[in-house]
Student: 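Here's a structure for you.
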Protein chains: 2
Amino acid sequence: MADGQRPPAPGGGGPRHATAPEPEPAPPGDGVPPGARPTSRDVARAAGVSQATVSLVLGDKWRGRVSPGTADTVRDTARSLGYRPNLAARNLRLGHTRTALLVVPALTHEFFARVYTGAAAVAERHGFGVVVYPSPDGIGPAKDPFASARAALDGVIASSMATDALTALRASGLPLVMLDSDPEDRGAAARVNLAIADGVRQVAGHLLDLGHRRYLHLAPAIDSWTFEVRARALAAAVGAVPGASVRTVRGPFTVDAAREAAHRALTAPGPRPTAVVCDGDTLAAGVCKAARRLGLRVPEDLSVTGFDDLALATAVEPELTTVRLPAEQVGERGMHALLAVLDGRAPARDELPVQLVVRESTGPVPGAVPGSVPGPVPGSVR
Amino acid sequence: MADGQRPPAPGGGGPRHATAPEPEPAPPGDGVPPGARPTSRDVARAAGVSQATVSLVLGDKWRGRVSPGTADTVRDTARSLGYRPNLAARNLRLGHTRTALLVVPALTHEFFARVYTGAAAVAERHGFGVVVYPSPDGIGPAKDPFASARAALDGVIASSMATDALTALRASGLPLVMLDSDPEDRGAAARVNLAIADGVRQVAGHLLDLGHRRYLHLAPAIDSWTFEVRARALAAAVGAVPGASVRTVRGPFTVDAAREAAHRALTAPGPRPTAVVCDGDTLAAGVCKAARRLGLRVPEDLSVTGFDDLALATAVEPELTTVRLPAEQVGERGMHALLAVLDGRAPARDELPVQLVVRESTGPVPGAVPGSVPGPVPGSVR
DNA sequence: GGGCCGAGGTGTTACGTATAACGTCGAGGC
DNA sequence: GCCTCGACGTTATACGTAACACCTCGGCCC
């Protein structure tokens with residue numbers, strides 16, 4: 001057994017130790033080749049045991065196979081050498097990595113940053129990691145998530161808005177969880193959706209109750225299932241009311257672009273819309289700016305609704321009436337679904353509820369007889 | 001890497017999961033064990049060459065060692081089998097991973113999301129990947145970045161604001177690039193800073209020119225080098241002007257907290273400040289809300305400045321006078337520095353310039369004789 | 001015809017880990 | 001005295017890849 005390793009034991013004050021002024025911040029301990037990271041074998045040598053024992057102890061599988069004393073020795077030596085397992089080797093050996101890829105359009109959109117946060121929190125609790133691939137913009141021409149995410153992966157969670165990357169993902173054969181995507185679409189092992197259409201119906205109901213009949217719908221110029229659903233739901237809700245109409249305008253998803261688009265639409269010939277339904281708080285903020293510059297008061301002259309309930313929604317004035325999306329929860333459920341799939345369990349089928357939050361940017365249609373329609377209820381949910 | 005590879009698959013094509021009618025989108029080709037991901041050896045067998053040749057061809061190192069015809073064959077077979085190299089194995093073999101860890105407080109802060117974007121863009125161009133560890137909040141108790149980032153790493157880029165994780169990072173011995181941190185602090189292989197103090201001086205100069213003398217400074221309740229620098233720079237700039245004074249208030253970094261703090265400070269007994277200098281646009285937005293609710297007009301009655309130049313700065317009204325920080329560039333330079341260190345080259349010493357952007361939230365001090373002080377120049381830089 | 005060369009490969013190894021399969025050794029049982 | 005048996009480890013692989021060293025063979029020079 002442990003052949004009392006002590007190489008210089010009898011030598012007493014041998015020169016061995018004097019030769020180590022060690023400027024090294026990371027202490028490479030005893031017999032370890034200097035400069036290199038210690039391996040489990042180095043720990044084994046230093047502790048006087050075999051590499052297998054080190055692996056057992058540090059992997060916490062030693063009970064009944066290694067004596068507690070030896071286990072302690074191993075742990076101490078590992079610590080003092082600054083040993084950290086080589087994850088590449090471990091992943092290779094194990095055949096999996098406990099790492100998931102999250103594919104989103106861009107982390108600079110608060111919604112997706114929050115999705116990430118939720119996913120990462122759940123992952124962390126289950127010993128998983130999450131790496132992000134923000135798909136098209138800002139990252140350059142690489143349309144292949146795998147070329148970019150250098151890490152070896154166990155599975156993928158993808159927003160349906162990151163369309164260009166999806167085909168590569170499908171072909172990879174990795175377990176795929178789709179976020180907010182068409183339920184008809186096959187090919188995902190699981191799916192986490194938001195009740196987007198219901199959110200739009202809540203918005204439409206709120207505005208219709210306030211007496212609005214002429215609507216402007218500001219939508220992003222993005223081909224995505226989510227936005228099609230919104231347009232259809234709005235058209236259906238408004239179309240069900242006689243005399244009500246909606247006009248849709250599309251453009252880039254920025255405050256300034258929305259301001260310009262709203263300016264054009266609000267100064268166009270013909271009767272002006274009295275309410276603007278926006279597919280995002282960012283757009284709504286732009287609309288409010290356009291309105292103010294045209295001398296229109298929000299909500300007295302024009303009602304504006306957002307979507308997402310970003311931090312922005314309560315930073316601007318008036319605070320935006322919007323639809324709160326449980327972004328973190330989307331990430332959490334997505335991760336849970338992926339974990340279930342990897343475990344061979346059936347993932348839960350999720351459609352997360354969304355909620356209208358009435359704030360200050362919506363009010364009765366201009367010219368309404370006071371009291372004839374229910375007024376807004378600022379902060380009703382807030 | 002592969003899906004959680006059923007460990008030994010003892011029964012061969014066992015009954016384990018009858019639940020797989022899976023019309024596999026990835027064609028497992030010819031002699032490949034079904035269900036498993038093809039390896040380079042599978043490709044070799046199918047192409048009638050050795051594994052070494054496959055490695056050479058796919059690694060693009062075949063010129064002069066393999067005939068073009070053979071190379072084509074190999075590539076075709078690889079494609080038709082749906083082969084993708086096992087990154088864990090490659091990383092193990094190569095001894096590095098071409099993956100960097102970015103440690104930031106939270107990706108939901110636009111600044112850090114943009115830092116990530118910049119770092120990821122540079123990484124991508126150099127065949128590197130970036131994984132994120134958002135340190136303290138929202139992620140739970142794990143203070144060890146390495147426990148969370150499952151990927152094997154080559155180096156680390158860390159924001160100085162992510163303090164709790166730093167000690168673990170230092171001990172790891174991995175090359176470390178610090179962002180916006182104390183130059184006195186040793187222990188980083190490189191550093192990328194912003195000319196924060198200069199930004200504060202620009203703000204102070206602008207406001208002093210406008211005649212302001214009583215300042216409120218809204219700072220986050222975070223112990224961080226950056227914020228200390230700002231406080232000192234502001235105190236120095238204001239202190240240099242006779243009769244000028246600054247009072248500092250600290251609080252959480254949110255719109256609402258800032259609104260409340262500003263409300264308290266603006267209604268406190270004694271002469272009211274005429275300008276509020278905020279350490280972030282988020283805080284400035286809160287101050288504007290507080291001002292409006294107190295019946296104070298911005299900028300006529302109160303000037304407000306932000307910091308960061310987030311999207312928020314132009315979404316609110318009035319648009320914020322603020323200091324533009326080149327967030328993406330911070331990420332880019334950070335990644336470049338790390339690449340340099342990994343290459344054994346000397347990293348560039350960076351201090352990125354910042355720029356005051358004068359918009360609508362600042363104006364002459366109330367009661368100033370018109371024309372006696374230079375007016376604001378809205379959009380002068382914008 | 002021997003030697004040499006380059007083109008076109010192949011055999012083999014090592015990376016660091018986790019784990020299955022296999023010792024060894026002293027104490028008891030019979 | 002032999003066998004068994006648990007406690008405590010060890011030996012020996014295998015994971016998939018990259019790359020070094022080696023091999024073969026036809027052509028060509030002298």
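Below, each value reflects all heavy atoms present in this structure, side chains not excepted, and no hydrogens, waters or symmetry copies. Being a predicted model, the structure only gives us computed values, none of them experimental.
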Student: Of the candidate nucleotides D:dT11, C:dA18, C:dT10, which contains the atom at the shortest distance from the side chain of A:Q51?
Tutor: C:dA18
Student: Rounded to the nearest Å, what distance is computed from the CG atom of residue A:L56 to the P atom of nucleotide D:dT11?
Tutor: 13 Å
Student: Does A:D154 reach the main-chain N or O of A:R98 with its side chain, forming a donor-acceptor pair under 3.5 Å?
Tutor: yes
Student: Under 3.5 Å, side chain of A:T53 to main-chain N/O of A:V49, donor-acceptor pair present?
Tutor: no
Student: Between A:T39 and C:dG16, is there a side-chain N or O to OP1/OP2 distance below 4.0 Å?
Tutor: no
Student: Examine C:dG16: is either OP1 or OP2 under 4.0 Å from a nitrogen or oxygen in the side chain of A:R93? Give yes or no.
Tutor: no
Student: Any base atoms under 4.0 Å from B:V49, or only sugar-phosphate, or nothing? Heavy atoms, all strands.
Tutor: sugar-phosphate
Student: When you measure from the side-chain N and O atoms of B:S40 to the phosphate of D:dT17, is any distance below 4.0 Å, counting only OP1 and OP2?
Tutor: yes
Student: Kindly say if B:T70 contacts the phosphate of C:dG9, meaning a side-chain N or O under 4.0 Å from OP1 or OP2.
Tutor: yes
Student: Under 4.0 Å between a side-chain N or O of A:S55 and OP1 or OP2 of C:dA18?
Tutor: yes
Student: Rounded to the nearest Å, what distance is computed from the CZ atom of residue A:R90 to the P atom of nucleotide D:dG16?
Tutor: 18 Å
Student: Think A:T53 has a side-chain N or O under 4.0 angstrom from the OP1 or OP2 of D:dG9?
Tutor: no
Student: To the nearest 10°, give me the bend of the helix from C:dG1-D:dC30 to C:dC30-D:dG1, comparing the axes of its five terminal pairs at either end.
Tutor: 70°
Student: Using distance alone, with no hydrogens and no angle criterion, decide if B:T70 and B:S67 have a side-chain donor and acceptor under 3.5 Å apart.
Tutor: yes
Student: A:S50 has a side chain; which of C:dT10, C:dT17, D:dT10 sits nearest to it?
Tutor: D:dT10
Student: With distance as the sole test, does B:T99 use its side chain to make a donor-acceptor pair with the main-chain N or O of B:T97 at under 3.5 Å?
Tutor: yes
Student: Specify the separation, in whole Å, of atom CG of B:N91 and atom P of D:dC15.
Tutor: 18 Å
Student: Give the residues of residues 61-68 of chain A touching DNA chain D, defined as any heavy atom closer than 4.0 Å, sorted by residue number.
Tutor: A:R65, A:V66, A:S67
Student: Between D:dC15 atom P and B:L94 atom CG, what is the distance in whole Å?
Tutor: 20 Å
